[in-house]
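Reminder, nothing fancy here: chain letters follow the sequence lines and each chain counts from 1.
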Protein chains: 4
Amino acid sequence: MSTERNSPAGGTARDRTPNAARRSEASRRAILTAAFDLVGEVGYARLSIEGIAARAGVGKQTIYRWWPSKGAVLFDAVLMLAQDPGGGTAALPDTGDLAADLGLVLRATVDEFADPRFSEPLRALSTEIAHDPALARSYAERLDGPLREAKKDRLRSAQRVGDLPEDLDLDLAVDLIWGPLTARWLHRTGPLTHAFADALVAAALDGLRGAAAPGRDGTGRRE
Amino acid sequence: MSTERNSPAGGTARDRTPNAARRSEASRRAILTAAFDLVGEVGYARLSIEGIAARAGVGKQTIYRWWPSKGAVLFDAVLMLAQDPGGGTAALPDTGDLAADLGLVLRATVDEFADPRFSEPLRALSTEIAHDPALARSYAERLDGPLREAKKDRLRSAQRVGDLPEDLDLDLAVDLIWGPLTARWLHRTGPLTHAFADALVAAALDGLRGAAAPGRDGTGRRE
Amino acid sequence: MSTERNSPAGGTARDRTPNAARRSEASRRAILTAAFDLVGEVGYARLSIEGIAARAGVGKQTIYRWWPSKGAVLFDAVLMLAQDPGGGTAALPDTGDLAADLGLVLRATVDEFADPRFSEPLRALSTEIAHDPALARSYAERLDGPLREAKKDRLRSAQRVGDLPEDLDLDLAVDLIWGPLTARWLHRTGPLTHAFADALVAAALDGLRGAAAPGRDGTGRRE
Amino acid sequence: MSTERNSPAGGTARDRTPNAARRSEASRRAILTAAFDLVGEVGYARLSIEGIAARAGVGKQTIYRWWPSKGAVLFDAVLMLAQDPGGGTAALPDTGDLAADLGLVLRATVDEFADPRFSEPLRALSTEIAHDPALARSYAERLDGPLREAKKDRLRSAQRVGDLPEDLDLDLAVDLIWGPLTARWLHRTGPLTHAFADALVAAALDGLRGAAAPGRDGTGRRE
DNA sequence: GTATAATCGAGACGGTACGTCCCGTCTTAGT
DNA sequence: ACTAAGACGGGACGTACCGTCTCGATTATAC
């Protein structure tokens, strides 16, 4: 876990860094589960270290020993839940139809955002990142990073088949496609629907000058 | 102020609403100024009602009487500062060159985000909105609403001169242009530069399929 | 009312003393009644000027204008209730049998102390007097004073018929008879019963060396 | 300390009682000392938990954890100071001359009441007891109880040598001797002097019918 | 009969203290 | 050694009242 202060294989004698080898895995899981559950029940504002410790049946010090902040605990909690099934991050679908694949992914994201069980912790994590640069770094490395790479992979694949220009700035592209979604989610400036996801993909791919007009086909492709 | 609980001149029978007519304007301004200054100095996490009251030379109850939460105070503080000069929201520049005008505006926004004096309170407000639906409504009505309308006005003007399709979904358009900026600002997923602002405008107008290709000029115009 | 800051007939021009002539009698009675009722309902500790004002349907300033303290209000409230029936203080019974008369009075006092409706306000007033010398003076002049005089009158009558020595210190005598009762009431150091009242009268009159022995008659007289 | 909520070594299942074994003795003493000092400096009315905590260099919760009320703190403070020298309560002097011994004790009490350093806290405690039955119970068990027993011991000694009747109600006797003193102290209904102490002893022992007569000696003994 | 001036109800204000929650540190036992 | 437990000094919460200070709106003399 990147937010944890591990000693890199044991730690030397006069080391204030805790010895990760002796760490209780049961407590770790109990803490993360408790944190994830609690943030869904009472919200991030009312989430407290004491509450997590009590729910997890754990001493407060056990939390303070391994995590630097409430946000870091939540981060690992989200990370645990996100990676529970497989080991690595799944790749985006690649059927050859870029717009369709992106639409599929964005519609799935819209669904996730609609489920409070996932939305609440994620929202909390998102806003915590905005205030905590250290957490933002962890986020960039361990959560957003791999996901963004997967997104870029799909775009590279599109470049290979000529669906996207070769000199496209992929980071800009990812932001153009997913940025509006995140912004609308966090600020609630509009409805988060499948229709929005589809229109967003079309507009991002074809631009405002030529996209999203009714009468044009759903793939957003200009003929 | 939309976050304040005004009684509409008299108040109905069983009304716990304070009498807005007797409200002290001096205290109101002192509180908002103190809140704005403090959030810049100590950050939102360490911003406290007690701190605001002490700085403003005001009793805590005077804050609790007129605002429901710390976020609401900050909201009004930002609103006051935002509207201090003129009365209404300024319109976007309209030189006839849509891409240039948008670039100008986004570059200015990038500059604002780079100034901690404005960035810190705005960031705090942004994340508070994510958790507080009541605040989000105020935001939609009094801060984002007018600004979004100004943005749409500029886009409508572009529609009138044929720069944008007549059937364009303007809310989608606004999100496509400004969403990536906000997302990158909040999540720090990439550098916030003038170059990014320009590339974003180009990509949004022309789409990923047709943007940022060599040989095309920086305005993002297709020939 | 001795605790009120009257201007002695009108008050001169630049006088901050309120003009008692213009005083609202209705408000005064409402305040005293509210104070008396409230102290019985919530106890003296939770009795507040705001509470009295609200219950009496009166502005807070009206209380602060006429009384210097919470205790002073309560004092007048008790005084009002105590003097409601007649105008002056009633004399003690005088049948010629001192012990019997005193026993009657003390038994009545015991009954009063047992009734929370009178006991609570009185207890509050009693303890307030212990801390507030100004209130103690009012108490001495207007409540305890007349009562003590009545008690001394009865003792003087006994002196006249030879039941008590002519050179008896009457203040000491009053304290010896009523002091133990008050002390036991305030400190709850023992049961407050009619039996105690009788035994107290006997012991006070005849002394510990010769009093309160079973087999002697209830009047406490030695044969 | 009787006002503290001890868990008897371990505590039973559903126990919200703090673990007395881990209690900080230093904090306890600092709190009691601060309370005692403050009540002498500012009076009981202005004595606050916050003030005690600040003076003692202690968190407020540490006070709320171990004492249920401001009065309970003061009670323990008085108790600590009262018992500081020896372990148990000192016995009353017993020279064989009851009146002389009682006079000595009462004169000493009069002196204590005259010293604000002791009088103020005691007065506060006394009035607090009048309102708080729980505190009254503690008082009866730990402060008044042992003292009253010592008083009764002296009276029993007098009974043994024939100075007092064998069937005397000792509780009544104690109240008759000390009650007038306490009453006059709390209500300030008369001067608290050595002369009063002596006259009180004489009157209590010999009764109003036979006391304070000229020709009788100051010891209050009847010939 | 009107001025005119004080009191009245109401309640906002700058404050103090309340009793609670939680912070992050530290200590003690137990495994 | 790490753990569960939780006491500790501290900071802030949101509430209740304090006593002071305006506000109109009644009154009740004094012109």
Side-chain angles (χ1 to χ4, degrees), chain A residues 11 18-24 26-27 30 46-54 56-66 68-70, chain B residues 18-24 26-27 30 46-54 56-66 68-70, chain C residues 7 10-11 13 15 17-24 26-27 30 46-54 56-66 68-70, chain D residues 11 18-24 26-27 30 46-54 56-66 68-70:
Chain A
N19 184 341
R22 286 189 172 248
R23 178 169 189 182
S24 158
S27 293
R46 267 189 275 267
L47 179 69
S48 67
I49 299 278
E50 292 214 342
I52 296 170
V58 138
K60 285 199 296 175
Q61 198 61 266
T62 303
I63 300 183
Y64 284 111
R65 185 153 32 229
W66 301 109
S69 69
K70 189 171 74 167
Chain B
N19 184 342
R22 296 221 189 289
R23 178 166 189 183
S24 158
S27 294
R46 264 186 276 264
L47 179 68
S48 65
I49 299 277
E50 286 208 343
I52 296 171
V58 139
K60 283 202 290 178
Q61 200 58 46
T62 300
I63 300 183
Y64 285 110
R65 181 149 40 224
W66 301 108
S69 68
K70 191 171 73 168
Chain C
S7 66
D15 201 350
T17 313
N19 183 342
R22 285 184 173 252
R23 180 169 186 182
S24 157
S27 294
R46 267 189 275 267
L47 179 68
S48 67
I49 299 279
E50 293 213 342
I52 296 170
V58 139
K60 285 201 293 175
Q61 197 62 266
T62 303
I63 299 183
Y64 284 110
R65 185 153 30 227
W66 300 109
S69 70
K70 190 171 74 167
Chain D
N19 183 343
R22 297 220 189 292
R23 179 167 189 185
S24 159
S27 293
R46 265 185 275 265
L47 179 69
S48 67
I49 299 277
E50 286 208 344
I52 296 171
V58 139
K60 281 201 293 176
Q61 199 59 44
T62 301
I63 300 183
Y64 285 111
R65 183 150 38 225
W66 300 109
S69 69
K70 192 170 72 167

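- With the nearest nucleotide of DNA chain E identified for both C/S24 and D/L47, C/S24 has the one nearer the 5' end.
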Original post:
Quick one: what's the B/S/- string for nucleotides 19-25 of chain F, heavy-atom cutoff under 4.0 Å, read 5' to 3'?
Top reply: BBB-B--

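- Neither OP1 nor OP2 of F/dA7 sits under 4.0 Å from any side-chain N or O of D/T62.
- The two residues B/A56 and B/A30 make their nearest non-hydrogen contact at CB-O, 3.5 Å.
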**OP:** State the dot-bracket string of DNA chain E. Criteria: Watson-Crick or G-U wobble, both atom distances under 3.5 angstrom; notation: ( ) intrastrand, [ ] crossing earlier pairs, | interstrand, . unpaired.
**Re:** |||||||||||||||||||||||||||||||

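- Regarding C/R46, its CZ atom lies at a distance of 14 Å from the P atom of F/dC18, rounded to whole Å.
- Rounded to whole angstrom, the span from the CZ atom of D/R23 across to the P atom of E/dT28 amounts to 17 Å.
- In terms of phosphate contacts, A/R65 brings no side-chain nitrogen or oxygen within less than 4.0 Å of OP1 or OP2 of F/dC2.
- For F/dG11, neither phosphate oxygen OP1 nor OP2 lies less than 4.0 angstrom from any side-chain nitrogen or oxygen of B/S48.
- Annotation for C/G51 and C/S48: closest pair N-OG, 2.9 Å, computed over non-hydrogen atoms.
- Mapping C/V58 and B/G59 onto DNA chain E via the closest heavy atom, the residue that lands nearer the 5' end is C/V58.
- Within 4.0 Å (heavy atoms only), B/G51 reaches no atom of the nucleic acid at all.
- When every heavy atom of C/V58 is checked against every heavy atom of C/I63, the shortest pair comes out as CG1-CG1, 4.2 Å.
- Between D/T62 and D/S27, the shortest heavy-atom contact is CG2-CB, 4.4 Å.
- In this structure, D/I63 atom CD1 and E/dC18 atom C1' are separated by 13 Å, rounded to whole Å.
- When every heavy atom of A/W66 is checked against every heavy atom of A/N19, the shortest pair comes out as CH2-O, 3.6 Å.
- Residues satisfying the salt bridge (charged side-chain N to carboxylate O under 4.0 Å, His left out) criterion with C/K70, sequence neighbours excluded, are absent altogether.
- Of the side-chain N and O atoms in B/S27, none sit less than 4.0 angstrom from OP1 or OP2 of E/dA12.
- With rounding to whole Å, D/W66 atom CH2 is found 11 Å from F/dG6 atom P.
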